[in-house]
Amino acid sequence: MRSLRRVLLSVRWYLRELTDESAYDRYVAHVRHGHPEARVPSRRDFERMRTDRQEGDPRQGFRCC
């Protein structure tokens, strides 16, 4: 059972990294570690900031939708 659990956790980690679902968790850890007095944005605000940054950067390529 432990090996199955380990495999499932590994698959979950891989999928979260692949889809960048873990970006918010990494950002929260960064803010709390480097700027403990700063307000941590909600997930929705974070996604909005990330989308705005990606759309404003011409190196990100064309986004149609």
So, R12 and E17, do they make that salt bridge, N to O below 4.0 Å? no
Between the CG atom in D20 and the CG atom in L15, the distance rounded to the nearest 0.5 Å is 13.0 Å
With a 4.5 Å cut-off on side-chain heavy atoms, are L8 and W13 touching? no
How long is the straight-line distance from CZ of R32 back to OH of Y27, given to the nearest 0.5 Å? 11.5 Å
Measure the spacing between CZ of F46 and CG of D25 and express it to the nearest 0.5 Å. 9.0 Å
If you round to the nearest 0.5 Å, how far is CG of L9 from CZ of R5? 5.0 Å
Could you state the interatomic distance from CE (M1) to CZ (R6), rounded to the nearest 0.5 Å? 13.5 Å
One should read off an interatomic distance between S42 OG and E47 CD, to the nearest 0.5 angstrom, of 9.5 Å
Does the distance from a Lys or Arg side-chain N to an Asp or Glu carboxylate O, for D45 and R50, drop under 4.0 Å? no
